[in-house]
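Each ligand, and each atom within it, is numbered from 1 in the order the structure gives.
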Amino acid sequence: MIKQTDKIELSWRGNAPVSSKFDDVYYSEENGLEETEFVFLKGIGAPDCWQNKDSFVIAETGFGTGLNFLVTYRDWISSGAKGQLTFISVEKYPLTAGLLREAHKSFPEIREYSKELCSLWPPASEGIHERIFRNGKVRLLLVFGDASTAFSEVHASVDAWFLDGFAPAKNPEMWTDDLFNQIDRLSHSRTSFATFTAAGFVKRALAAKGFNVKKTPGYGRKRERLVGLRSEEYVTSSPCKRETRNPEWASIPTPNITTSTIVIGAGIAGSCIARELNSIGHNVTLVSSNEPAGSDVPAAILSPGFQRSDQPAARFATACFIHACGFPYYNNAWAGERGVRLSTTEEAEKARLQQIADKFSWGSEWLIPEDDGYFLPKSGSLHPATALLKLQKGIKHIKSEVSQVKYVNNQWHVTADNEVLTADNVVVACAMESDLLLPDSLGLDLRPKPGQIEVINAAAKNMPQGNHAYGGYVTAAIENPSSNHFRTIGSTFEVQPENGREWPLATQENRMANLSTLEENTGSAPLPQEIIASWAGLRATTPDYMPYVGPVPDWIKAAEQFKKLAKDRKLRGLGPMPYQKGLYLMTGFGAKGFQQAPLCASYIAALIDNRPLPIATSLIPYLHPARHMIKSIVRGTSL
Ligand code: SAM
């Protein structure tokens with residue numbers, strides 16, 4: 001966990017920021033921008049090394065002020081590169097957006113890029129933060145944490161390394177065997193590297209990992225620096241060459257080159273994944289029925305259930321929230337007033353919220369502690385219809401009921417009404433209908449949870465200001481161009497109805513429940529004539545409240561292959577999960593679709609596109625569609 005004491009203070013040596021902790025400069029006192037160009041970009045042979053590549057991955061130790069990233073981003077755009085750039089950078093002591101701005105002030109050449117980065121700067125929360133620039137042409141994966149631990153959570157094939165980080169003599173804790181093992185694991189047979197240092201042990205460690213290391217002149221006052229290329233003959237002996245500590249059943253599928261995808265379901269999950277794939281040039285078709293859907297909700301508030309623990313579910317919820325707050329496709333869908341206040345009248349809950357605020361210590365750009373809770377300035381409420389429209393723009397959308405999904409002659413066949421559509425991949429993202437479309441699925445456990453929301457006139461008096469969550473919630477005014485401005489009060493969570501998946505009807509009882517939760521927690525009560533309507537819908541949930549997101553197994557083969565886990569759940573050597581090639585699932589988001597779908601869609605798109613994953617690999621088993629099947633095998637319960 002990044003601690004408050006990990007936060008860094010800057011002083012200045014001439015034009016260069018200095019870390020007081022390490023007593024070293026972030027970039028050269030002579031000219032940081034020139035240093036980046038010379039040491040790192042020239043060092044890896046840019047721009048030639050990335051021209052004509054569909055995808056290029058750079059990984060860096062020590063994001064610092066982000067100068068290396070910004071100059072690379074600028075050069076990537078100006079070189080007219082056709083593909084996508086992913087820049088992965090680890091950072092143990094993240095600066096704040098304010099300090100980044102200060103550190104970039106001396107470089108007007110990168111002003112516009114700096115502005116983009118600072119507006120999307122995440123809080124100092126351990127884990128991976130994906131930031132998307134230029135419609136996905138450039139992606140930044142910021143990994144906050146200690147370098148080697150942070151890289152151990154990364155799945156990527158790195159084309160070039162920027163080995164920055166303070167000088168080895170001043171920061172020996174970073175330049176460890178663990179780090180070189182991670183460099184080994186993440187490199188391929190022609191990976192290059194560049195570093196400002198010429199330290200002998202760095203040279204030897206890289207040579208031991210198969211790099212042909214060359215000493216070349218350094219920048220400014222530095223006499224020498226190292227550059228190099230991996231030798232094609234090198235065979236790793238690294239202890240961490242095996243992917244991760246994840247169980248074998250949660251293995252990452254072998255990538256295929258594919259160009260077409262059918263996405264079933266046009267709610268927030270389907271729309272996010274369709275947009276992601278469209279942005280990388282996939283031929284995407286969205287197919288959805290005209291049935292009512294959870295994403296038709298009148299407003300969606302991003303109200304994260306932060307937890308004090310570092311359990312996977314807590315890490316996942318936090319990562320999704322941070323991602324959604326900076327998701328570019330939400331830009332014009334936010335209610336006018338940004339920020340969500342979380343508060344409570346219960347003493348124990350108040351203490352819990354305060355402990356979370358203390359533990360996170362994200363700074364006032366992201367989390368402001370208050371007497372009875374906290375305020376999240378970057379959060380807000382969305383107008384779902386506006387967000388969906390933007391996500392679906394320009395994407396082929398067929399309104400049909402899908403009755404069958406079948407793999408025939410190396411292609412997926414999707415029967416939609418009387419038409420058979422074909423594609424390399426299918427993503428099933430249709431909430432409670434999802435398991436009906438996945439033939440023979442074992443252990444998928446989708447549970448319908450009805451919920452109701454009240455829609456009130458935005459001008460209703462005596463209501464709390466802005467977005468406010470208190471167990472229930474009230475949203476700020478949604479400025480909807482096609483209707484009167486309104487606010488919503490939500491929401492009920494009912495027990496699974498007897499009639500299973502039937503779409504629920506709004507009831508007076510649920511309306512009273514929503515209004516009394518509001519009144520108990522905020523003292524507010526809208527007049528009856530200010531209530532415009534009630535909305536009721538069905539959410540798809542799972543037993544552990546984590547969505548099913550990932551590649552879909554060949555259920556029958558998988559059950560056979562992993563049946564020995566019944567005797568010993570830690571048994572290894574059973575091999576990787578057999579998957580149905582090109583079939584993916586995204587469902588079970590409950591009431592958190594608008595919060596969780598953007599990051600999950602990026603994860604699925606990354607699997608399909610074989611690009612670095614935007615989530616920590618240790619989260620994969622907790623999202624995996626086979627997790628309940630494996631649990632049943634281990635417990636010996638029937639599938
Ligand atoms: N590349 C940076 C830039 O463009 O501004 C400069 C990097 S600065 C010289 C070194 C960075 O490495 C600092 O931000 C520091 O906090 C980070 N760092 C130091 N030790 C680390 C560790 N063990 N793990 C991750 N980051 C570390």
Please check if any side-chain donor atom of Tyr374 sits under 3.5 Å from a side-chain acceptor atom of Arg341, or the reverse. no
Heavy-atom contacts under 4.0 Å to ligand 1, chain-then-number order, include exactly Phe22, Val25, Tyr26, Glu60, Gly62, Phe63, Gly64, Thr65, Gly66, Leu67, Asn68, Glu91, Lys92, Tyr93, Gly145, Asp146, Ala147, Asp164, Gly165, Phe166, Asn171, Met174
Using ring centroids (six-membered ring only for Trp), state whether Phe40 and Tyr219 fall under 6.0 Å. no
Would you tabulate the side-chain donor-acceptor contacts of residues 193-203 under 3.5 Å, counting partners in other chains and residues two or more places apart, or write 'none'?
{"residue": "Thr195", "atom": "OG1", "partner": "Leu163", "partner atom": "O", "Å": "2.7"}
{"residue": "Thr195", "atom": "OG1", "partner": "Thr197", "partner atom": "N", "Å": "3.3"}
{"residue": "Thr197", "atom": "OG1", "partner": "Ala199", "partner atom": "N", "Å": "3.0"}

Of all pairs that satisfy salt bridge (charged side-chain N to carboxylate O under 4.0 Å, His left out), the ones with a partner from residues 79-88, not counting sequence neighbours: none
Do Asp609 and Gln84 meet the criterion of a side-chain donor-acceptor pair at a distance under 3.5 Å? yes
Pairs involving residues 319-333, ordered by first then second residue, that meet salt bridge (charged side-chain N to carboxylate O under 4.0 Å, His left out) (sequence neighbours left out): none
